[in-house]
K.L.:
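Before anything else, here's the structure in question.
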Amino acid sequence: MTRATTVRAVLAAAVLLVSVFITLTMSPRLGLDLQGGTRMVLQAKDSATVEADRETTDRTLEVLRQRIDSLGVAEPVLTRSGEDRIIVELPDVQDPRQAAAVIGRTAQLSFHEVLGAAPSGTDPAPKPETGPERLVLPDEQGTQLDLGPARLSGAGVKDATAFFEAQQAAGWTVKLDFHKDAGKDWTKLTGEAACHPAGDERRRVAIVLDEKVISSPQVDPSVGCQAGLPSGGTQITGSFTAKEARDLALLIKGGALPVPVEIVEQRTVGPTLGAAAIDASAQAALIGAAATALFITFVYRLFGALAAVALAAYGVISYAALVGLGVTLTLPGLAGFVLAIGMAVDANVLVFERAREECQDRPTRSLRSALTTGFQKAFSAVADSNITTLLAAGLLFFLGSGPVKGFGVTLAIGVIASMFSALVIARALTEIAAGSRFVSDYRGVNGIARPGSVRTWLTRKDPQLFRKPVQWLVISTVLVAVAVAGIVVRGVDLGVEFTGGRLVEYSTSRPVDVETARSTLADAGFGDAEITTAGDGDISVRTGKLDNDGEHALRTALATEGGETTKVRDELIGPSLGDELRRNALIALGVAVLVQLAYLAVRFRWTFAVGSVVAMVHDVIIVVGAFAWLGRPVDGIFLAALLTVIGYSVNDSVVVFDRVRELWAGNRKTPLDTIARRAVLQTVPRTVNTGMGALFILVALAVLGGDSLADFALALLIGIVVGTWSSVFTAVPGALVLERTTTAPPPVPGKSSRRARAPRRDPLDNGARV
């Protein structure tokens, strides 16, 4: 065993030991879509006097944090997003009405002197003739009070506590404790009110919350004029229930928000849905990984089995990285973790196929030498293909929203972990095995020294693929035309994430058909709601603008037919956020095209880059068109799948063009179409074997993942099939056509021409080195 192999083995063992330790001692941080709960995105809105800048938003966040801590929610998460948005995550909160009512109110508490009873019929609004600080508001019994300017604000309240006052039969009250200076203002205010006779309206002090009088008690007759009540605190009475008193205390204690906030996004997921998603993803991962391991073992025998061991190590390492880095594992992120298992086979397949070629071209060379050469020659394709996938993951993180960011993180971690498992762990294992005389002598055992069935068939048939590359482009154009027809005729069903509105999924104890649910909700005033069936007979309701009280009324109406009705999932997207997310989705797709084009232009010829990008756009249009024809929704999860398809499509094209570059550099006088045909035939075994690994995982996700993951898996299944086609029959023919139109024709056999001679410089050498 060489020194390099020993270093790789020691490094692999160390990383595995650390990963196993993290896996056994730490628990993953689950997102709300997996553990259940409510996620809100609040936007601070400009007021007349305060601009919602970063500093104001931070102050608003701290006030919200105090309120939510008082709600008793376990491990709430509050973070600022951008200049004016706050993300609030409340685990295990299934009914967001109470939380939204508490955290969304401005809670402007103030204490006013009462100037007297206003004449009957006076509008409850500021008096223009006396200035905006004078208010006319009804008291608890509906009597209109003429109030003076605020003498004390809620900022002066040190603490607020709800308690039951039994001795004086006051019921539930709220006790207020003032700060020192505010207490002096309270004593002065009550002292001035005490100068009026008992029973006089002016002897009252009005306590106003959000321009509503919640209590207006008379100052006790025992209090003398200008003496006032003690400065330590007071009590608010008002025939409160226990819940009303506690909520009022929370609002007062939390303080006033610097600016009003608006709920622009709200998602609620029931715990059963999250648990089902975890179970389904775990089953898909186990079944898909087992099928992939069996497949590569069947194709590559012993070395395939060693790659399966490295694949298991990859799973442990990537999971430990997610846990150790504290990454929040979301539903799309979990799907990305499962998908990356299938894609992790790609690097091993690239190496093994290159090693097979070495053994086929030079049968007398040693197995170790062929394997080492395979790793060396496959490195550039492995690096380029993984970098393109990392670019897609980066776009998901920076331009995606909510759970989609988690998918980008897990995909990036998966790519890095897969490269480590293939280039370090798998290489160490296979090099140790290749040093065995038994493995080296018996070709049927190692799985590398003999060509595979796909390579044998292609060698025997030797299909002439690119004599007329335009024909392949015509077929691709027809496929794109069919997809565009679906987009135009059927239209794209944008989810509420892009259009705004509300989507709620319910589970009922009694089966309810769609027509019955539609009729019931129409009678309840929800005639414009779109009713469809969800997974396992659940009812999905999609509406336009619908607040939390409206959702509660909708659920109550549905319960008349379905019995006990449980909310499984709830998504609310404001119209402004929907426009923003739709715009960001288009920006993400546009940036993905430009970034991949720029990278490929640097690494390869510009004609190859354009061919790859044309194939990528071809794949995107076909996937969107397929969803249009199938009537499936296009939402944030679909966007994650689409950007992954872009990465996969470019990945395949990179592998093909990397081989074209290598072959053309060594055969400068050979026509490019011949070079391209050889490159495609040499890389088809890798494409087939890698695609099979990913398909096993995706089929398992589509079958076992339930409704929440089915569309994600379907988009990727279509994308991988179409991407495999386009990397060969769109990207390569496109590059050939561009080369023919922009460069001189290749030399004609039997004729000499100075113009037709191949250039001295390598046509693929644009400065890139591999």
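Numbering starts at 1 and runs along the sequence shown. Predicted model only: the values in this text are computed from it and were never measured.
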K.L.:
Would you mind reporting whether Glu353 and Tyr300 have side-chain heavy atoms less than 4.5 Å apart?
P.N.:
yes
K.L.:
Does Ser649 use its side chain to pair, donor to acceptor, with the backbone of Val645 at less than 3.5 Å?
P.N.:
no
K.L.:
Quick check: Phe696 with Phe295 (ring centres under 6.0 Å apart)?
P.N.:
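Phe295 vs Phe696: aromatic centres under 6.0 Å.
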K.L.:
Please round to the nearest 0.5 Å and tell me the distance separating atom CG of Leu322 and atom CD1 of Ile413.
P.N.:
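That separation rounds to 4.5 Å.
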K.L.:
Tell me, with the steps shown, if Phe379 and Val351 meet side chain to side chain contact (heavy atoms under 4.5 Å, CB included).
P.N.:
CA-CA 8 Å; Phe379 181 79; Val351 171; over 6 Å; no
K.L.:
Decide yes or no for Phe638 and Leu494: does some side-chain heavy atom of the first lie under 4.5 Å from some side-chain heavy atom of the second?
P.N.:
no
K.L.:
For the residue pair Gly723 and Asp652, what are the closest heavy atoms and their distance?
P.N.:
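Result for this residue pair: O-OD2, 4.1 Å.
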K.L.:
Distance from Met692 atom CE to Ile720 atom CD1, nearest 0.5 Å?
P.N.:
11.5 Å
K.L.:
My understanding is that only residues two or more places apart in sequence, or in another chain, count here; which of them pass side-chain hydrogen bond (donor to acceptor under 3.5 Å, both in side chains) with Ser369?
P.N.:
Arg365
K.L.:
Is a side-chain donor or acceptor of Thr730 paired with a backbone partner of Ser727 at a separation under 3.5 angstrom?
P.N.:
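Not confirmed, Thr730 side chain does not pair with Ser727 backbone.
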K.L.:
Looking only at heavy atoms, what is the nearest atom pair of Ala628 and Gly486, with distance?
P.N.:
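Heavy-atom minimum between the residues: CB-O, 3.6 Å.
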K.L.:
Check side chain to side chain contact (heavy atoms under 4.5 Å, CB included) between Ala434 and all other residues, then give those that pass, not counting sequence neighbours.
P.N.:
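Here the qualifying residues are Phe303, Leu367, Arg368, Leu371.
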K.L.:
Would you give the length of the straight line joining atom CD1 of Ile425 to atom OG1 of Thr430, rounded to the nearest 0.5 angstrom?
P.N.:
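If I round to the nearest 0.5 Å, the distance is 11.5 Å.
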K.L.:
Please tell me if the side chains of Leu630 and Leu714 come closer than 4.5 Å, counting only heavy atoms from C-beta onward.
P.N.:
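Leu630 vs Leu714: side chains touch.
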K.L.:
Mind running side chain to side chain contact (heavy atoms under 4.5 Å, CB included) on Phe608 and Val660 for me, showing each step along the way?
P.N.:
CA-CA 10 Å; Phe608 292 4; Val660 173; 3.7 Å; yes
K.L.:
Would you say the side chain of Glu739 lies within less than 4.5 Å of the side chain of Leu736, judging by non-hydrogen atoms?
P.N.:
no
K.L.:
Hey, are the side chains of Arg659 and Trp664 touching, using non-hydrogen atoms and a 4.5 Å cut-off?
P.N.:
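No; the side chains remain at least 4.5 Å from each other.
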K.L.:
Report the C-alpha separation of Val722 and His618 in whole Å, then their side-chain angles, then the decisive distance to 0.1 Å, and conclude whether the side chain to side chain contact (heavy atoms under 4.5 Å, CB included) test is met.
P.N.:
CA-CA 9 Å; Val722 174; His618 160 279; 3.6 Å; yes
K.L.:
Is any side-chain N of the basic residue among Glu662 and Arg354 closer than 4.0 Å to the acidic one's carboxylate O?
P.N.:
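Yes.
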K.L.:
Given 3.5 Å as the limit, does a donor-acceptor pair link the side chain of Ser318 with the main chain of Tyr314, or not?
P.N.:
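Yes: the side chain of Ser318 pairs with the backbone of Tyr314.
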K.L.:
What distance separates Asn348 CG from Ile296 CD1, expressed to the nearest 0.5 Å?
P.N.:
6.5 Å
K.L.:
Nearest heavy-atom pair of Leu306 and Ala433: which atoms, and what distance?
P.N.:
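In terms of heavy atoms, the two residues are closest at CD1-CB, 3.7 Å.
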K.L.:
Which value, rounded to the nearest 0.5 Å, describes the distance between Arg677 atom CZ and Thr670 atom OG1?
P.N.:
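Here the rounded value is 10.5 Å.
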K.L.:
For the residue pair Gly625 and Ile487, what are the closest heavy atoms and their distance?
P.N.:
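The pair with the smallest heavy-atom distance is CA-CG1, 3.9 Å.
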K.L.:
Do Asp493 and Val634 make a side-chain contact, defined as non-hydrogen atoms from C-beta onward lying under 4.5 Å apart?
P.N.:
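No, their side chains stay 4.5 Å or more apart.
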K.L.:
Assess whether side chain to side chain contact (heavy atoms under 4.5 Å, CB included) is satisfied between Phe420 and Ile317, documenting all intermediate values.
P.N.:
CA-CA 9 Å; Phe420 180 83; Ile317 292 171; 3.9 Å; yes
K.L.:
Could you check if a side-chain atom of Phe298 sits within less than 4.5 angstrom of a side-chain atom of Leu294, using non-hydrogen atoms only?
P.N.:
no
K.L.:
Going by side-chain hydrogen bond (donor to acceptor under 3.5 Å, both in side chains), name the residues that satisfy it together with Thr372, two or more places apart in sequence or in a different chain.
P.N.:
none
K.L.:
Salt bridge (Lys or Arg N to Asp or Glu O under 4.0 Å) with Arg8: which residues, sequence neighbours excluded?
P.N.:
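Arg8: salt bridge (Lys or Arg N to Asp or Glu O under 4.0 Å) contacts with Glu431.
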K.L.:
Please confirm whether the backbone N or O of Ser418 pairs with a side-chain atom of Ser421, one donor and one acceptor, at under 3.5 Å?
P.N.:
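Between the backbone of Ser418 and the side chain of Ser421 there is a qualifying donor-acceptor contact (under 3.5 Å).
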K.L.:
Please round to the nearest 0.5 Å and tell me the distance separating atom OG of Ser476 and atom CZ of Phe729.
P.N.:
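The distance works out to 9.5 Å.
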K.L.:
Would you mind listing every salt bridge (Lys or Arg N to Asp or Glu O under 4.0 Å) that reaches into residues 607-625, with sequence neighbours excluded?
P.N.:
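Pairs touching residues 607-625 that pass the test: none.
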K.L.:
Give me each pair satisfying side chain to side chain donor-acceptor pair (under 3.5 Å) with a member in residues 712-723, each pair once, sequence neighbours excluded.
P.N.:
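Counting only pairs at least two positions apart or across chains, no side chain to side chain donor-acceptor pair (under 3.5 Å) contact touches residues 712-723.
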K.L.:
Taking the six-membered ring of Phe375 as reference, does the cationic atom of Arg427 (NZ for Lys, CZ for Arg) lie under 6.0 Å from its centre and within 45° of its axis?
P.N.:
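Cation-pi check for Arg427 and Phe375: passes.
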K.L.:
Under 4.5 Å between any side-chain heavy atoms of Arg661 and Arg605, yes or no?
P.N.:
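The answer is no, as the side chains (C-beta and beyond) never meet within the 4.5 Å cut-off.
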K.L.:
With distance as the sole test, does Trp629 use its side chain to make a donor-acceptor pair with the main-chain N or O of Val482 at under 3.5 Å?
P.N.:
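Present.
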